[in-house]
Colleague: 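Pasting a structure here, questions to come.
One-based numbering, in listed order, for ligands and for the atoms of each.
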Amino acid sequence: MSAFNDYNFRDQKALVRVDFNVPLDAGFNITDDNRMRAAIPTIKKIINDGGKVILMSHLGRPKDGPTDKYSLKHLVHHLSELLGGATVLFANDCVGEQAYLTASMMRPGEVLLLENLRFYKQEEKGDKDFAEKLSKLGDVWVNDAFGTAHRAHASTAVIAQFFPKEKRFFGLLMEAEVASAEKVMHQSEKPFVAIIGGAKVSDKILIIENLLARATDIIIGGGMAYTFMRATGGHTGSSLCEEDRLQTALDILKKAEEKGVCIHLPSDSIIADKFAADAETSTAPSHEIPDGWMGLDIGPMATEQFCNVIKRSKTILWNGPMGVFEMEKFRHGTVAVAAAIADATQKGSFSLVGGGDSVAAVNQFHFADKVSYVSTGGGAMLEYFEGKELPGIAAVKS
Ligand code: AMP
């Protein structure tokens, strides 16, 4: 069931918050258009209904108002191409006369892209008057920007109060994001494994703590595993370690034991004599890494152990790589975990991958279409699984 699909946008001006925060090179060419592509089904549905689409987004982090480098005008041509040649108009301000006038003269099936919302400081401040000005541009408000759903900005949340409940929608991307996140969070089939990796324990404490109440197994890989090794008396050489988080690691292990959640730490590691692609490498138990060496990937035993847990799980959540996958010598653990998730998914498990680096890994190693869902929102997804209410979701639902 989709409230968005069930609605007929004919002759309606749909004000759609998208996340077009795409990377541009020095010549203003878009180097990765995934975020734009992700919003196309929502835009097409409104166009096909005979509605008018007014798009608002941010781009980059402009500090001092309008800056050519951060102008959304650089996206107009490509957006029209992605929409099969549909007319894409551009307003060089997201509020103000030109925007209102252009919006009022639009014909059904046309698209208007507004200039960068963050040229106004009021956007990030969640300013109510600014949100009200934006709201005047549309008859209905559609939030399709999961990437900014964890921010209570003017266009992502505050604006909702200017539309009655029946005129607020999730776009198709948001619907899919919310549905897959809710499936994992509230309807997970057991066994449920959460695979948490990446550099720092401090970034992932809240998500691990929240998942202790839901998961049956938690796999901890990446640099953060060595803080756990050290906390339990291991010797980790010059591996990444957060000395001020040793007690946190012990607390997590204790809570997991109390709750009957099995925490899996890597029994062995691929170690290196320096943090470099051409480092000398060897294998060692993760709690016995010699001085002068550092763990940069999970080892072969750990890989097998982790993959076995993944393959018997019915629900799989993955956030964070198992090692320094950017370097060839240290990517094996991350690739093997991705392959195990793909394998389990093919056999009927539900898998959700989110977080910048795990998403980069599944894309780079060509597993994106072999998992159930790849989230577009790194920070938003993390906060969702930390158990926080996301303002961009609450604004549509409440
Ligand atoms: P995060 O943003 O916290 O998810 O961390 C992702 C980063 O952690 C990636 O750039 C990885 O290269 C890095 N990483 C993963 N494992 C290790 C490790 N064992 N030592 C140092 N960095 C790591």
Colleague: Enumerate the ring pair (Phe, Tyr, Trp, His ring centres under 6.0 Å) contacts for residues 11-48, please, sequence neighbours excluded, ordered by first and then second residue.
Modeller: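 For residues 11-48, and leaving out neighbouring residues, the ring pair (Phe, Tyr, Trp, His ring centres under 6.0 Å) pairs sorted by first residue read Phe28-His74.
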Colleague: Which residue is it: Asp19, Val359, Leu173? I am looking for the one with a side chain to side chain contact (heavy atoms under 4.5 Å, CB included) to Thr376.
Modeller: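 Going through the options one by one, the only one that passes is Leu173.
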Colleague: Just list the N/O pairs, ligand 1 to protein, that are under 3.5 Å apart, with the distance for each.
Modeller:
from	atom 1	to	atom 2	distance (Å)
ligand 1	2 (O)	Asp357	OD2	3.4
ligand 1	3 (O)	Ala199	N	3.2
ligand 1	4 (O)	Lys204	NZ	3.2
ligand 1	5 (O)	Ala199	N	3.1
ligand 1	8 (O)	Ala199	N	3.4
ligand 1	10 (O)	Glu326	OE2	2.5
ligand 1	12 (O)	Glu326	OE1	2.7
ligand 1	12 (O)	Glu326	OE2	3.3
ligand 1	16 (N)	Gly223	N	3.1
ligand 1	19 (N)	Gly223	N	3.4
ligand 1	19 (N)	Gly295	O	3.0

Colleague: Over 60° means perpendicular and under 30° means parallel, so classify the ring planes of Tyr7 and Phe169, tilted if in between.
Modeller: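 Correct class here is tilted.
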Colleague: Tell me if the centroids of the rings in Phe4 and Phe9 come within less than 6.0 Å of each other.
Modeller: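 Distance test on ring centres: under 6.0 Å, yes.
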Colleague: With clusters built from Ile, Leu, Val, Met, Phe, Trp and Tyr whose side-chain heavy atoms come within less than 4.5 Å, directly or transitively, what are the remaining members of the cluster of Val158, listed by chain and number?
Modeller: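 Joined to Val158, directly or through intermediates: none.
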Colleague: Output all residues satisfying ring-ring contact (aromatic ring centres under 6.0 Å, His included) with Tyr120, sequence neighbours left out; order by chain, then residue number.
Modeller: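 Residues passing ring-ring contact (aromatic ring centres under 6.0 Å, His included) with Tyr120: Phe130.
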